[in-house]
Engineer: 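Attaching a single structure in structure tokens format; questions to follow.
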Amino acid sequence: METEKKTSLNFIEQIIEDDLSKGKHESIQTRFPPEPNGYLHIGHAKSICLNFGLAEEYNGKCNLRFDDTNPEKEDVEYVDSIRKDVEWLGFKWDGEYFASDYFEQLYTFACQLIEKGKAYVDDLTQDQFNKIKGTPTIPGKHSLYRDRTAAENLKLFQDMRAGKYANGEKVLRAKIDMSSPNMHMRDPVLYRIKHVDHHRTGGEWCIYPSYDFAHGQSDSIEQVTHSLCTLEFEVHRPLYEWLIRELEIFPTRQIEFARLNLSYTVVSKRKLLELVEGKYVSGWDDPRMPTISGIRRRGFTPQSVRNFAERIGVARRDGIIDVALLEHAVRDDLNKKANRVMGILDPVKLIITNWPEDKEETLKAINNPEDESAGTRDMPFSREVYIDRADFKEDPPSPRKWFRLGPDREVRLKYAYIIKCTGFKKGDDGEIEEIYAEYDPLTKSGEDTSGKKVKGTLGWVSAKHAINAEIRLYDRLFMTENLNDIDDDFKNYLNPNSLNINSRAMLEGSLKSANVGDQVQFERVGYFRVDEDSTTDHLVFNQTITLRDDWQKKGGN
RNA sequence: UGGCCUAUGGUGUAACUGGCAACACGUCUGAUUUUGGUUCAGAAGAGUCUAGGUUCGAGCCCUAGUAGGCCAACCA
């Protein structure tokens, strides 16, 4: 699919090809710059695919850079998970850096700005500054500390670094334009005092650069040619460029694109954190979460996420992508890769009355009709099997609409025989307890000489050989399509039925040896992945996604 | 209200920079099928936010509206 010829370029590719053809750059350098303060989600996956994908496409390089300038919120736990997630997606970064690697260099940059008279130490408290800052429509006023001399500023800044001041007592500001309609140009903070240990630099620093003074400069230091970020940073671009100009450093170009929004879910670190902390989900990797760790555990494949990212494209307009697109991407990938097995979610016993008590037969089953190299396996067949309760109806609709079993109806047990229902037993509660049928010896799969044709084919497992397992069925986490449109608490829209635990499922015995991470298709049901909660005698499967079901869609059932 | 950005079928992205709007998902038909899956064949669905303008000709250019988004953390 990498070899697929592209017919059109997205706006970023157009910029890149233009830069390359005009000789502005010989090759490109991008970067993925997460802040290690949370787990990555599907929105980050879009950015990862973009940055790494572009680098691959144009034979450039892509760094992984942790934007760790706020020690209060950041932690190594997140650094590790981020590395793991990027690797899982299948990307290799060229350089691994931390903004904190550049603290000394950044400090020097700040001093240069001070010497040029382009930055000053401000003693105003946050409140005081907020009062004179103005609003987008009202110009701000100058701080009374704005005109300190370079020498004075330099001394003060050194003292800030030396720890002579308390948190919030002073900041370093760029001296730009307090009347700019762009609030980010009204003398933005470059450095603030935080007497906090940093997860990498420890107690070395008590002043930390702000995003605006760290991100762009880090890009520049790494000679990033195209710095891709989301739309909300658009208003930062004038400042980004102002700093490059004043510092006379490598001119990285910032390009903004629309962040990913997905229907029926939230894609915001803050909200996801809320779900985790409020125990609405079991953790960052709850299979219902749109985090990379969540969808990984759920059973989405790296390839499916990358295909998805490719499909949705990249542009500058805000929108919301239908999860159906993501779901299609997984089905498409798993259809090719996942072995088929029999799994009966809601088992009911079917007794083949004309099959001898002790007789067992071994049948050949195809592992994956989409991939011949997946081979075949043996399936034991015996007198008693489980079929799904939904595959039998006491009083079924016309055979044109109902292909499955019912009194006197015939169906094929896949890979086995055609059977005819001869009766059933009902419990006091009205539940079907057993179904009786007779098999036709002439209809054995592969050597059918009966000439019979049946429309329905059922999955089954030999009762004697089947194993029980826990199946976790998932539905969308939220009931509302667009969570950005609501004005009350997003948690009010949580789907109370997003998790459904099934502990009665019976699976074919071959699954006994399944390992955590294995992915299979339960025929006619969906794709499932062995969860890490599994133990040797208790398998747990996560439903990744159901199979498409036209029949149910048309009102079947 | 000030600035910036965006506006194409239900959703997302295209349209070689002005030449009769394409692709994917979704939806609907039908065929095949020992998964009501897959695959295959086909259909419906927008005339490109509105109003002007430039032009032989505009989704692409200009102007003005309208709608939506973003910006007033010592967060990123």
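Any value given below was found using the heavy atoms of this structure, including those in side chains, with hydrogens, waters and symmetry copies removed. On a predicted model such as this, the values are computed, not experimentally measured, just so you know. Below, chains carry the letters A, B, ... as their sequence lines are ordered, and counting in each starts from 1.
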Engineer: Of all the nucleotides listed (B/G36, B/U33, B/G26), which has the minimum atom distance to the side chain of A/K455?
Structural biologist: B/U33
Engineer: Heavy atoms under 4.0 Å, any strand shown: does A/T546 hit a base, just sugar-phosphate, or nothing?
Structural biologist: nothing
Engineer: Applying the Watson-Crick and G-U wobble criteria at under 3.5 Å, what pairs with B/A24? Answer none if nothing qualifies.
Structural biologist: B/U11
Engineer: Nearest of B/C25, B/U35, B/G36 to any side-chain atom of A/W402?
Structural biologist: B/G36
Engineer: Heavy atoms only, 4.0 Å cut-off, all strands: where does A/V314 land among base, sugar-phosphate and nothing?
Structural biologist: sugar-phosphate
Engineer: We want to know whether A/Q126 and A/Q128 form a side-chain donor-acceptor pair, criterion being a heavy-atom distance below 3.5 angstrom.
Structural biologist: no
Engineer: Between A/R192 and B/C75, does any side-chain N or O lie under 4.0 Å from OP1 or OP2?
Structural biologist: yes
Engineer: Which base sits across from B/A67 as a Watson-Crick or G-U pair, both distances under 3.5 Å?
Structural biologist: B/U6
Engineer: Heavy atoms under 4.0 Å, any strand shown: does A/R340 hit a base, just sugar-phosphate, or nothing?
Structural biologist: base
Engineer: Relative to A/F98, does A/R200 satisfy both conditions: NZ or CZ under 6.0 angstrom from the six-membered ring centre, and within 45 degrees of the ring's axis?
Structural biologist: yes
Engineer: Could you measure between the two C1' atoms, the one in B/G10 and the one in B/U50, and give it in whole Å?
Structural biologist: 22 Å
Engineer: According to a cutoff of under 5.5 Å between the ring centres and under 30° between the ring planes, does A/W551 stack with the base of B/G36?
Structural biologist: yes
Engineer: So which nucleotide from B/A76, B/A73, B/G37 ends up closest to the side chain of A/R548?
Structural biologist: B/G37
Engineer: State the pairing partner of B/A31; accept Watson-Crick or G-U wobble contacts with both distances under 3.5 Å, and report none otherwise.
Structural biologist: B/U39
Engineer: Any base atoms under 4.0 Å from A/S445, or only sugar-phosphate, or nothing? Heavy atoms, all strands.
Structural biologist: base
Engineer: Tell me whether the NZ or CZ atom of A/R253 lies within the 45° cone about the ring axis of A/Y240 and under 6.0 Å from its centre.
Structural biologist: no
Engineer: Distance check, C1' atoms only: B/C23 and B/A15, in whole angstrom units.
Structural biologist: 10 Å
Engineer: Has A/K269 got its NZ or CZ under 6.0 Å from the middle of the six-membered ring of A/Y39, at an angle within 45 degrees of the ring axis?
Structural biologist: no
Engineer: Heavy atoms from C-beta onward define the side chain here; which of B/U11, B/U35, B/G36 lies closest to that of A/L547?
Structural biologist: B/U35
Engineer: Would you please confirm or rule out a distance under 4.0 Å between OP1 or OP2 of B/U27 and any side-chain N or O of A/K553?
Structural biologist: yes
Engineer: Look at the side-chain N and O atoms of A/K194 and state whether any lies under 4.0 Å from the OP1 or OP2 oxygen of B/C75.
Structural biologist: yes
Engineer: Distance check: side-chain N/O of A/K554 vs OP1/OP2 of B/U27, anything under 4.0 Å?
Structural biologist: no
Engineer: Is A/Y415 touching bases, backbone alone, or none of the nucleic acid, heavy atoms closer than 4.0 Å?
Structural biologist: base
Engineer: Using whole Å, what does the distance between atom P of nucleotide B/G37 and atom NZ of A/K414 come to?
Structural biologist: 12 Å
Engineer: Looking at B/C25, I'd like to know if its phosphate oxygens (OP1 or OP2) sit under 4.0 Å from a side-chain N or O belonging to A/H328.
Structural biologist: yes
Engineer: Rounded to whole angstrom, note down the C1' distance from B/C25 over to B/G9.
Structural biologist: 13 Å
Engineer: A/Q14 side chain: which of B/U17, B/C71, B/U33 is closest?
Structural biologist: B/U17
Engineer: Would you verify whether the NZ or CZ of A/R476 falls within 45 degrees of the ring axis of A/Y264 while also being under 6.0 Å from that six-membered ring's centre?
Structural biologist: yes
Engineer: Please work out if A/G140 contacts a base, only the sugar-phosphate, or nothing of the nucleic acid, heavy-atom cut-off 4.0 Å.
Structural biologist: nothing
Engineer: When all nucleic acid strands are considered with a 4.0 Å heavy-atom cut-off, which category describes A/Y191: base, sugar-phosphate, or nothing?
Structural biologist: nothing
Engineer: For B/A24 versus B/U63, give the span between their C1' atoms, rounded off to a whole number of Å.
Structural biologist: 36 Å
Engineer: Can you tell me which nucleotide in B/A72, B/G36, B/G37 comes closest to the side chain of A/F403?
Structural biologist: B/G36
Engineer: The side chain of A/I321 lies closest to which of these nucleotides: B/C70, B/G12, B/C74?
Structural biologist: B/G12
Engineer: For A/N182, which contact category applies under a 4.0 Å heavy-atom criterion: base, sugar-phosphate, or nothing?
Structural biologist: nothing
Engineer: Using the C1' atoms only, state how far B/U66 lies from B/C75, rounded to an integer number of Å.
Structural biologist: 34 Å
Engineer: Mind checking if A/I132 touches a base, just sugar-phosphate, or nothing, with heavy atoms under 4.0 Å?
Structural biologist: nothing
Engineer: Looking for any heavy atom pair under 4.0 Å, which part of the strands does A/Q126 touch: base, sugar-phosphate only, or nothing?
Structural biologist: base
Engineer: Could you give the distance separating B/U1 and B/A7 at their C1' atoms, to the nearest angstrom?
Structural biologist: 22 Å
Engineer: Roughly how far apart, to the nearest Å, are B/C61 and B/U6 at atom P?
Structural biologist: 11 Å
Engineer: Considering only atom C1', compute the distance from B/G12 to B/G19 and round it to an integer number of Å.
Structural biologist: 27 Å
Engineer: Which residue lies toward the 5' end of RNA chain B, A/E370 or A/R331, if each is placed at its nearest nucleotide?
Structural biologist: A/R331
Engineer: Please classify the nucleic acid contact of A/K401 as base, sugar-phosphate, or nothing, using heavy-atom distances under 4.0 Å.
Structural biologist: base
Engineer: Select one nucleotide: of B/U38, B/G12, B/G3, the one nearest the side-chain heavy atoms of A/I312.
Structural biologist: B/G12
Engineer: Measure from CG on A/D332 to C1' on B/G37 and round the result to the nearest Å.
Structural biologist: 12 Å
Engineer: Students often get this wrong, so: under 4.0 angstrom with heavy atoms, is A/H215 touching a base, only sugar-phosphate, or nothing?
Structural biologist: nothing
Engineer: Quick one: label A/T69 by what it contacts on the DNA or RNA (base, sugar-phosphate, nothing), any heavy atom closer than 4.0 Å.
Structural biologist: sugar-phosphate
Engineer: Could you check which of B/U35, B/C75, B/C71 has an atom nearest any side-chain atom of A/T457?
Structural biologist: B/U35
Engineer: Can you confirm whether A/W460 sits close enough to A/L350 that some side-chain heavy atom of one is under 4.5 Å from a side-chain heavy atom of the other?
Structural biologist: no
Engineer: Would one find a side-chain N or O of A/R311 under 4.0 angstrom from OP1 or OP2 of B/U13?
Structural biologist: no
Engineer: With no angle test and no hydrogens, is the base of B/G69 tied to the side chain of A/E234 by a donor-acceptor pair under 3.5 Å?
Structural biologist: no
Engineer: Which of parallel (below 30°), tilted (30 to 60°) and perpendicular (above 60°) describes A/Y107 and A/W205?
Structural biologist: tilted
Engineer: Describe, in one word, how the ring planes of A/H184 and A/H236 are oriented to each other, choosing from parallel (under 30°), tilted (30 to 60°) and perpendicular (over 60°).
Structural biologist: tilted
Engineer: Is the charged tip of A/K455 near the ring of A/F403: under 6.0 Å from the six-membered ring centre and within 45° of its axis?
Structural biologist: yes
Engineer: Classify the nucleic acid contact of A/Q521 as base, sugar-phosphate or nothing, counting any heavy atom under 4.0 Å across all strands shown.
Structural biologist: base
Engineer: Closest approach to the side chain of A/I320, judged atom by atom: which nucleotide of B/C71, B/G36, B/G12 is it?
Structural biologist: B/G12
